[in-house]
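The next block holds one structure in the form of structure tokens; read it before the comments.
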Amino acid sequence: MRILHVTECFEGGVSRAITSRVEASPAHEHHLLYAGPDEPHERLWASTTPMRKHPLRAFRDLRRAAAAARPHVIHAHSSWAGVLTRLWPRPPAPIVYEPHCFKFDDPALSPAGHFMVRSAEAILARRTAVFGVLSSHEGHLARSLRSSARTVFIPNLPTVTRSNAQPPPEAGAALSKIVMVGRLSPEKEPAFFMDVVNALRQRGVPLEAVWAGDGDAALRDVLVSGGVRVTGWLSPAELAELLRGAVYVHSSRYEGMPLSLLDAAACDCPIVARRIPALQGLPVLQSADADRIAEHIERLTKSAEMRQEASESNAALLRRFAPARLSEQLEVLYRSALTADRGRGRRG
């Protein structure tokens with residue numbers, strides 16, 4: 001099949017997730033229409049076309065890219081691409097929508113903002129052949145928009161490979177730092193990470209605090225002024241080295257399924273995550289309370305048995321989010337889109 005991928009945010013986790021989907025389905029011909037600072041790996045793509053930011057110009061770019069690629073499926077990644085593709089009155093191919101987390105799931109949205117965003121998604125759900133979802137929670141959200149919505153679980157993959165990862169510390173080796181990986185943005189909630197740091201200091205736990213990533217300058221200044229080292233974006237090998245001897249602390253207030261959590265598991269790094277709906281059911285330590293997270297971290301620094309349990313949880317997490325499963329689920333996703341399209345009777 002020919003697949004046209006469309007995204008307005010080809011950067012960070014989204015660009016890495018899209019790349020993993022292309023690498024996992026090499027039998028298909030992949031085309032990319034994109035906006036964002038990351039550069040696509042040309043070897044993976046049959047064609048790559050920049051997309052302009054103005055909505056009308058972006059729609060013209062979409063029409064031209066589709067006319068050139070003649071796709072069997074259009075795969076929209078993230079919110080704006082989902083709007084752009086699904087507003088097309090008569091698209092030339094069924095549309096798969098992978099939100100990489102629904103914006104209306106953000107608990108910080110005002111009631112009016114939540115209503116507006118959710119209402120727009122509910123209207124556009126009628127024009128969606130299949131939703132690609134990253135978790136059972138995201139699947140529930142998609143079906144809440146339209147009870148008959150088709151959903152297919154698409155597992156994210158770690159970006160750190162075994163060739164990047166360093167051997168884990170020896171049993172009983174000291175943990176030296178806590179690390180969060182992600183864009184400096186309100187959604188990742190650096191303030192919650194800072195709360196964990198302060199709770200550890202109050203407990204007298206001498207761990208370095210590090211944030212790997214970049215983004216909002218004001219949020220960076222808050223972390224730096226609080227004694228957190230901010231590294232900027234790192235290569236997979238650099239990230240693997242940073243995670244050695246660390247506890248990974250995930251602070252986001254809402255998510256799809258964070259790649260950084262899987263990278264930490266790939267490095268066999270103990271994980272303590274903020275409890276949010278997207279992580280429900282995953283085999284990692286979770287709490288909604290910063291002080292409770294600090295307590296878990298303190299126990300990890302003292303208990304080899306607890307670190308062994310964390311290592312077993314990492315192995316279980318990686319079995320669920322495995323390359324072979326991604327390949328299988330992408331086939332289900334694209335075949336389901338064609339089946340749904342034939343069911344509508346628009347194209348035989």
Side-chain angles (χ1 to χ4, degrees), residues 12-14 16-17 20 78 98-109 131-144 151-160 178-183 185-196 199 211-213 239 243 246-297 299-300 306-307 309-322 325-326 329:
V14 173
R16 294 195 299 273
S20 73
S78 291
E98 193 175 347
H100 298 273
C101 79
F102 285 105
K103 178 61 181 175
F104 67 84
D105 197 33
D106 184 351
L109 275 180
F131 287 88
V133 298
L134 301 176
S135 66
S136 58
H137 172 66
E138 200 166 77
H140 170 74
L141 293 178
R143 291 186 294 276
S144 77
T151 63
V152 175
F153 171 62
I154 304 298
N156 269 339
L157 299 181
T159 59
V160 172
I178 64 168
V179 176
M180 166 67 186
V181 181
R183 182 166 301 282
S185 63
E187 294 82 4
K188 299 294 184 182
E189 200 133 21
F192 187 88
F193 183 75
M194 199 71 243
D195 288 343
V196 174
W211 187 291
L239 179 59
L243 289 172
V247 177
Y248 180 70
V249 178
H250 198 73
S251 61
S252 291
R253 67 177 180 234
Y254 79 107
E255 281 282 4
M257 175 58 208
L259 295 170
S260 54
L261 204 75
L262 302 175
D263 285 338
C267 292
D268 205 15
C269 179
I271 298 168
V272 188
R274 185 179 187 175
R275 183 180 293 121
I276 55 176
L279 305 185
Q280 183 177 357
L282 295 185
V284 297
L285 280 171
Q286 300 179 47
S287 176
D289 180 72
D291 191 64
R292 181 66 171 159
I293 288 176
E295 179 185 339
H296 285 315
I297 295 169
R299 290 172 57 210
L300 279 164
M306 192 173 175
R307 292 201 294 275
E309 291 173 357
S311 181
E312 293 168 2
S313 295
N314 286 340
L317 187 63
L318 293 174
R319 285 193 295 272
R320 180 171 179 179
F321 295 87
R325 192 169 188 201
L326 174 58
Q329 292 300 101

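Predicted model only: the values in this text are computed from it and were never measured. Values below: all heavy atoms of this structure, side chains included; hydrogens, waters and symmetry mates excluded.
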Indicate yes or no for a side-chain donor-acceptor contact from [X] to the backbone of [Y] under 3.5 Å, with no hydrogens or angles considered.
| X | Y | answer |
| --- | --- | --- |
| Q286 | A273 | no |
| N314 | C269 | yes |
| D291 | A199 | no |
| W211 | R183 | no |
| D263 | T159 | yes |
| S313 | P283 | yes |
| Q329 | R325 | no |

Can you tell me how far the [atom1] atom of [X] sits from the [atom2] atom of [Y], to the nearest 0.5 Å?
| X | Y | atom1 | atom2 | result |
| --- | --- | --- | --- | --- |
| E189 | S251 | CD | OG | 7.5 Å |
| M180 | S260 | CE | OG | 5.5 Å |
| R274 | S287 | CZ | OG | 10.0 Å |
| L261 | L317 | CG | CG | 6.0 Å |
| M257 | R320 | CE | CZ | 8.0 Å |
| D106 | E255 | CG | CD | 11.0 Å |

Taking all atoms of both residues into account, what is the closest heavy-atom pair of [X] and [Y], and its distance?
| X | Y | value |
| --- | --- | --- |
| L239 | A212 | CD1-CB, 4.5 Å |
| T151 | A142 | CG2-CB, 3.8 Å |
| L243 | A264 | CD1-CA, 3.9 Å |
| A246 | P270 | O-CD, 3.4 Å |
| P99 | G132 | CD-O, 3.6 Å |
| A17 | N156 | CB-OD1, 3.8 Å |

Find out whether [X] and [Y] are in side-chain contact, i.e. whether some heavy atom of one side chain is under 4.5 Å from a heavy atom of the other.
| X | Y | value |
| --- | --- | --- |
| L262 | L157 | no |
| F321 | L134 | no |
| V247 | V179 | no |
| Y248 | V272 | no |
| L259 | P158 | no |
| V152 | V133 | no |

When you compare the side chains of S135 and E138, does any donor N or O come within less than 3.5 Å of an acceptor on the partner?
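Looking only at side-chain atoms, E138 and S135 do not form any donor-acceptor pair under 3.5 Å.
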In terms of the angle between their ring planes, are F102 and F131 parallel, tilted or perpendicular, with boundaries placed at 30° and 60°?
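If you compare the ring of F102 with that of F131, the planes turn out tilted.
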Less than 4.0 angstrom from a charged side-chain N to a carboxylate O is my criterion; do E187 and K103 meet it?
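K103 and E187: salt-bridged.
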Can you tell which of D105, L279, I276 makes a side-chain contact (heavy atoms from CB on, under 4.5 Å) with H137?
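Among D105, L279, I276, the one meeting side-chain contact (heavy atoms from CB on, under 4.5 Å) with H137 is D105.
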Test L285 against every option in R275, H296, R292 by the side-chain contact (heavy atoms from CB on, under 4.5 Å) rule and name the one that passes.
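Running side-chain contact (heavy atoms from CB on, under 4.5 Å) over R275, H296, R292 with L285 returns exactly one hit, H296.
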Looking at F192, does the NZ or CZ of R253 lie under 6.0 angstrom from its six-membered ring centre and within 45 degrees of the ring axis?
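No cation-pi geometry.
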